[in-house]
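For reference, the structure is listed below as structure tokens.
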Amino acid sequence: MSVTATRPSATAAPEREPDTSALPRRRWSCTQQLAGWLFSMPFLVLFGTFMAFPVLATLVMSFTDFGLRDITDPLGADFVGFGNYTEIFGNEKFRTALFNTAYFVVIGVPLTLASGLCAAVLLNSGVDRMRTVFRVGFYAPVVTSIVAVAVVWRFVLDPADGLIAALAAQAGLTAPDFLGSDTLAMPSLIAMGVWRNTGSAMVLFLAGLQAIPSEVREAARIDGAGIWQELRRITVPLLRPTMLYVAVMTTIGFLNVFEEPFVMTDGGPDNHTLTISLLMYEEGFDYFHMGKAGAMAYVLFTVILAVTVLQLRLLKDNTK
């Protein structure tokens with residue numbers, strides 16, 4: 001008698017119901033993204049219209065002979081390749097402006113950093129009374145209109161009726177024509193720029209000084225460190241990240257110097273205070289050589305980028 005083994009029938013797996021809980025989460029995520037784009041849209045429109053588009057248009061313009069005649073028909077400008085760049089580097093006036101800008105930066109930036117650091121150290125530890133008044137006094141030139149600053153400085157430097165001329169007359173001396181002298185015009189603008197930017201450097205250095213733990217300074221004093229040793233061995237090394245930021249931002253501002261020579265000297269005397277930004281303005285809005293002005297703008301941008309990268313590389317290891 002044979003026995004036939006019966007295999008139990010496999011039970012069918014129950015069908016899974018669709019996970020409907022993920023749908024609201026996905027819908028909520030899409031709603032959040034849409035809301036984010038909608039809130040960002042005003043900024044994106046303004047940024048694209050007044051920043052991104054002009055920057056790209058200037059780049060394209062620098063490779064053309066775009067001028068006043070092409071305003072009604074921008075696409076009618078002729079493509080000249082690197083002709084504008086070759087022409088401006090062959091122009092002695094541009095080389096003079098490049099040298100003057102470098103002179104302004106090389107002298108003005110270290111003086112601004114030094115004066116800002118000294119003011120911050122004094123306000124952080126050396127001045128106990130009326131500290132807020134001194135802070136406001138140092139920072140006031142930063143927020144003051146350049147026109148008001150120029151009026152004050154022109155009065156101070158005026159060779160006939162200025163403040164320095166009056167003090168020199170009291171001493172029986174004759175005050176020089178600071179803004180009309182080939183040798184004194186640029187140093188006068190540098191002094192004005194340093195005076196105007198010391199306040200912003202001071203505020204940043206003061207924030208960095210207040211972030212240094214007081215225990216570190218107290219330990220240095222217990223070990224016999226003097227004021228100069230404390231500044232050189234403790235304060236400056238711990239301020240290197242702040243110093244890097246102040247140096248980069250100050251250098252960028254000084255490379256873009258425009259208001260000081262434009263208001264005070266208009267590039268004179270004999271182009272001794274002519275800067276790249278001022279020459280760019282003259283080429284673009286006085287002579288309507290927009291292509292050359294665009295080429296100068298991108299040369300200045302390249303210089304700023306190169307100097308910034310150099311500063312970051314030189315101080316990179318010290319800021320870790």
Side-chain angles (χ1 to χ4, degrees), residues 97 100-120 122-123 127 130-168 175-207 245-282 284-286 300 304:
N100 292 337
T101 304
Y103 178 26
F104 190 86
V105 171
V106 170
I107 304 299
V109 171
L111 289 178
T112 302
L113 295 181
S115 59
L117 180 59
C118 291
L122 290 175
L123 290 178
V127 178
M130 302 179 66
R131 183 175 298 179
T132 304
V133 176
F134 281 104
R135 291 180 182 178
V136 173
F138 276 114
Y139 196 74
V142 180
V143 296
T144 304
S145 169
I146 181 60
V147 177
V149 171
V151 169
V152 173
W153 275 82
R154 289 182 71 90
F155 167 73
V156 171
L157 301 176
D158 188 89
D161 303 320
L163 179 61
I164 295 180
L167 295 177
D177 187 3
F178 290 96
L179 299 179
S181 171
D182 294 347
T183 57
L184 296 178
M186 182 58 77
S188 300
L189 294 186
I190 292 175
M192 176 181 170
V194 171
W195 174 81
R196 190 182 177 208
N197 291 278
T198 295
S200 58
M202 178 207 68
V203 169
L204 294 172
F205 280 133
L206 192 59
Y245 177 78
V246 176
V248 169
M249 298 306 296
T250 305
T251 303
I252 293 175
F254 274 56
L255 283 170
N256 284 294
V257 58
F258 172 77
E259 293 94 345
E260 287 85 352
F262 179 75
V263 176
M264 299 287 289
T265 62
D266 197 24
D270 297 330
N271 296 328
H272 280 81
T273 58
L274 182 67
T275 61
I276 297 179
S277 296
L278 183 57
L279 181 59
M280 185 196 318
Y281 174 84
E282 292 179 357
F285 297 99
D286 289 345
L300 181 59
I304 292 174

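For the pair Val149/Val263, no side-chain contact is recorded, criterion being any heavy-atom separation below 4.5 Å from C-beta on. Counting heavy atoms from C-beta on, the side chains of Ile146 and Phe262 never come closer than 4.5 Å. Side-chain contact between Met186 and Ile107 is absent, with no heavy-atom pair separated by less than 4.5 Å.
The aromatic rings of Phe285 and Tyr281 sit tilted relative to each other, their planes meeting at an angle between 30° and 60°.
Asp182 and Pro269 make their closest contact through OD1-CG, 3.3 Å (heavy atoms, listed as atom of the first residue, atom of the second, distance). Counting all heavy atoms, side chain and backbone alike, Phe205 lies closest to Ala120 at CB-CB, 3.6 Å. Between Val203 and Tyr139, the shortest heavy-atom distance links the atoms CG2-CD1, 3.5 Å. Between Gly267 and Thr273, the closest heavy-atom pair is C-OG1, 3.0 Å. Of all heavy-atom pairs spanning Val194 and Gly108, the tightest one is CG2-O, 3.7 Å. Minimum interatomic distance between Pro141 and Trp195 (heavy atoms only, all atoms of both residues): CG-CZ2, 3.6 Å.
For the atom pair CD1 (Ile276) and CZ (Phe104), the distance works out to 13.0 Å, reported to the nearest 0.5 Å. To the nearest 0.5 angstrom, Phe134 atom CZ is 11.5 Å from Met202 atom CE. Remark: Leu117 CG to Leu122 CG distance equals 9.5 Å, nearest 0.5 Å. For the atom pair CG (Leu274) and CD (Glu282), the distance works out to 5.5 Å, reported to the nearest 0.5 Å. Here the CG atom belonging to Asn100 is positioned 8.0 Å from the CG atom belonging to Asn271, to the nearest 0.5 angstrom.
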**Prompt:** Hey, mind stepping through Ser181 and Thr183 against side-chain hydrogen bond (donor to acceptor under 3.5 Å, both in side chains) and telling me if it holds?
**Reply:** CA-CA 5 Å; Ser181 171; Thr183 57; 3.2 Å; yes
**Request:** Determine, stepwise, if the pair Thr112 / Thr250 fulfils side-chain hydrogen bond (donor to acceptor under 3.5 Å, both in side chains).
**Result:** CA-CA 8 Å; Thr112 302; Thr250 305; over 6 Å; no
Residues 152-161, side-chain donor-acceptor partners within the protein, below 3.5 Å, at least two apart:
unit_1, atom_1, unit_2, atom_2, d
Arg154, NH1, Met264, O, 2.6
Asp158, OD2, Ala160, N, 2.9
Asp158, OD2, Asp161, N, 2.7

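For Thr198, the side-chain hydrogen bond (donor to acceptor under 3.5 Å, both in side chains) partners two or more places apart in sequence, or in a different chain, are Ser115.
Of the listed residues (Leu255, Leu279, Leu278), just one forms a side-chain contact (heavy atoms from CB on, under 4.5 Å) with Thr101, and that residue is Leu255.
Listed by first then second residue, pairs satisfying salt bridge (Lys or Arg N to Asp or Glu O under 4.0 Å) with a partner in residues 257-277 read Arg196-Glu260, not counting sequence neighbours.
Other residues, nucleotides and ligands contribute only 12 or fewer heavy atoms inside 6.0 Å of the OH atom of Tyr245.
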